[in-house]
2 protein chains.
Amino acid sequence: MAFAETFKALSDPVRRQILELLKKGPLSAGEIGSHFEMTGATISYHLKILKKADLIFESREKNFIYYQLNTSVLEEIMLWISGLNGGNSDVESK
Amino acid sequence: MAFAETFKALSDPVRRQILELLKKGPLSAGEIGSHFEMTGATISYHLKILKKADLIFESREKNFIYYQLNTSVLEEIMLWISGLNGGNSDVESK
DNA sequence: GGGGTATTTAGAAAAATTTCTAAATACCCC
DNA sequence: GGGGTATTTAGAAATTTTTCTAAATACCCC
């Protein structure tokens with residue numbers, strides 16, 4: 001189960017908020033950090049976890065590292081959840 | 001955000017496995033425990049967390065407490081995830 | 001190359017989670 | 001009521017997670 005990591009990653013409020021920020025588009029580590037009252041080191045720690053869970057990926061540009069959402073993994077999670085639902089969810093959408 | 005609790009609850013592998021067991025139907029605390037190598041006290045701890053997250057509910061019968069899935073909360077989670085997806089997921093299903 | 005900014009890594013402290021043992025409740029049934 | 005089983009609660013130990021500070025990397029641009 002690779003999504004043990006994904007669920008772990010999603011379990012932290014800070015990381016979920018990071019994902020929501022990235023919903024609007026790529027942001028640099030610094031820009032992400034500016035939304036929180038934590039050191040850059042801590043943000044970097046959270047980004048690493050999101051990265052390992054494949055929920056985000058980075059692209060380097062100039063002196064910055066930009067992060068963006070990787071939505072593909074989210075579908076696996078949705079599938080697992082809808083599976084619990086007895087396959088009886090919106091996902092199956094008549 | 002009430003689903004901070006839900007995500008936390010889903011982040012543990014034991015608890016996810018409990019949910020999968022319950023997918024097939026209600027089980028008593030003892031029956032659930034028999035699937036794991038942990039004390040009943042530990043299982044009880046996990047059940048409490050799942051209960052607080054509204055992912056399961058109990059019904060008492062005779063000398064047993066039966067647990068079963070509560071799928072309604074799962075939909076909120078799915079909505080949050082599909083929201084990240086830019087609303088661009090199977091859920092919206094055009 | 002060298003100063004400057006952006007980000008990460010290392011290591012330790014603080015906080016939260018998971019697990020256990022032992023004891024307490026709760027309920028059944030004779 | 002009382003013995004018996006099922007489950008939970010309390011408290012402590014072990015483990016994991018989150019956070020910080022300080023230092024290290026990485027890359028830019030003059």
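Numbers restart at 1 for each chain; the letters A, B, ... are given by sequence-line order, proteins then strands.
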- Task: For DNA chain D, produce a single dot-bracket line, 5' to 3'. Pairs: Watson-Crick or G-U wobble, both distances under 3.5 Å. Symbols: ( ) within strand, [ ] crossing, | other strand, . unpaired.
- Result: ||||||||||||||||||||||||||||||
- Task: Nearest whole angstrom, please: distance from the P of D/dT8 to the OH of B/Tyr66.
- Result: 13 Å
- Task: Determine, step by step, whether B/Leu55 and B/Leu69 satisfy the side chain to side chain contact (heavy atoms under 4.5 Å, CB included) criterion, reporting the C-alpha distance in whole Å, the side-chain angles of both residues, the deciding distance to 0.1 Å, and the verdict.
- Result: CA-CA 6 Å; B/Leu55 284 163; B/Leu69 274 181; 5.8 Å; no
- Item | Rounded interatomic separation in angstrom, taking NZ from B/Lys52 and P from D/dT9 | 11 Å
- Task: List the steps and the verdict of side chain to side chain contact (heavy atoms under 4.5 Å, CB included) for A/His46 and A/Ile18.
- Result: CA-CA 9 Å; A/His46 285 301; A/Ile18 290 175; 4.1 Å; yes
- Message: Using the side-chain hydrogen bond (donor to acceptor under 3.5 Å, both in side chains) criterion, which residues pair with B/Glu31? Sequence neighbours excluded.
- Response: B/Ser28
- Selection: residues 53-62 of chain A, any non-hydrogen atom under 4.0 Å of DNA chain D: A/Lys62
- Non-neighbouring partners of A/Ser59 that pass side-chain hydrogen bond (donor to acceptor under 3.5 Å, both in side chains), sequence neighbours left out: none
- Under 4.0 Å: is that the gap between some side-chain N or O of A/Thr42 and OP1 or OP2 of D/dT19? no
- Between B/Arg16 (side chain) and B/Ala9 (backbone), is there a donor-acceptor pair under 3.5 Å? no
- Message: In whole Å, I'd like the distance from the CG atom of A/Leu50 to the P atom of D/dT17.
- Response: 14 Å
- Query: Heavy atom of residues 33-41 of chain A under 4.0 Å from DNA chain C: which residues?
  - Reply: A/Gly40, A/Ala41
- Task: Verify the cluster assignment for B/Ile56 and B/Val14: are they in a single hydrophobic cluster under the rule of side-chain heavy atoms below 4.5 Å apart?
- Result: yes
- Message: As an exercise, state the distance from CD1 of B/Ile49 to CZ of B/Arg15, rounded to the nearest 0.5 Å.
- Response: 4.0 Å
Using atom names, set out every protein N or O paired with an N or O of nucleotides 15-17 of chain C below 3.5 Å, distance rounded to 0.1 Å.
none

- Across all chains, not counting sequence neighbours, the side-chain hydrogen bond (donor to acceptor under 3.5 Å, both in side chains) partners of A/Asn63 are none
- Task: Calculate, to the nearest 0.5 Å, the distance between atoms CG and NZ belonging to A/Leu50 and A/Lys48 respectively.
- Result: 12.5 Å
What does the list of N/O pairs under 3.5 Å between the protein and nucleotides 1-6 of chain D look like, with a distance for each?
unit_1 : atom_1 : unit_2  : atom_2 : d
D/dT5  : O2     : B/Asn63 : ND2    : 3.0

- Is B/Tyr67 touching bases, backbone alone, or none of the nucleic acid, heavy atoms closer than 4.0 Å? sugar-phosphate
- Query: Any donor-acceptor pair under 3.5 Å linking the side chain of B/Asn70 with the backbone of B/Asp54?
  - Reply: yes
- Query: According to a strict under-4.0 Å criterion, is B/His46 in side-chain N/O contact with OP1 or OP2 of C/dT19?
  - Reply: yes
- Task: Please write out which residues are connected to A/Tyr66 in a hydrophobic cluster, directly or through intermediates, given that two of Ile, Leu, Val, Met, Phe, Trp, Tyr count as joined at side-chain heavy-atom separations below 4.5 angstrom.
- Result: A/Phe64
- Item | For B/Ser34, side-chain hydrogen bond (donor to acceptor under 3.5 Å, both in side chains) partners two or more places apart | none
- Task: Figure out the CD1/P separation between A/Ile43 and D/dT18, and round it to whole Å.
- Result: 12 Å
- Applying side chain to side chain contact (heavy atoms under 4.5 Å, CB included) to B/Ile43 and not counting sequence neighbours gives B/Ile32, B/Phe36, B/Met38, B/Leu47
- Taking only the side-chain heavy atoms of B/Lys51 (C-beta and beyond), determine which of C/dT18, D/dT8, C/dT9 contains the nearest atom. D/dT8
- Task: Please identify each residue that fulfils ring pair (Phe, Tyr, Trp, His ring centres under 6.0 Å) with A/Phe7, with sequence neighbours left out.
- Result: A/Phe3, A/Trp80
- Query: Out of curiosity, does B/Tyr45 fall in the hydrophobic cluster containing B/Leu21 (side-chain heavy atoms, cut-off under 4.5 Å, transitive links)?
  - Reply: no
- Nearest-0.5 Å distance that lies between atom CD1 in A/Ile65 and atom CZ in A/Arg60: 3.5 Å
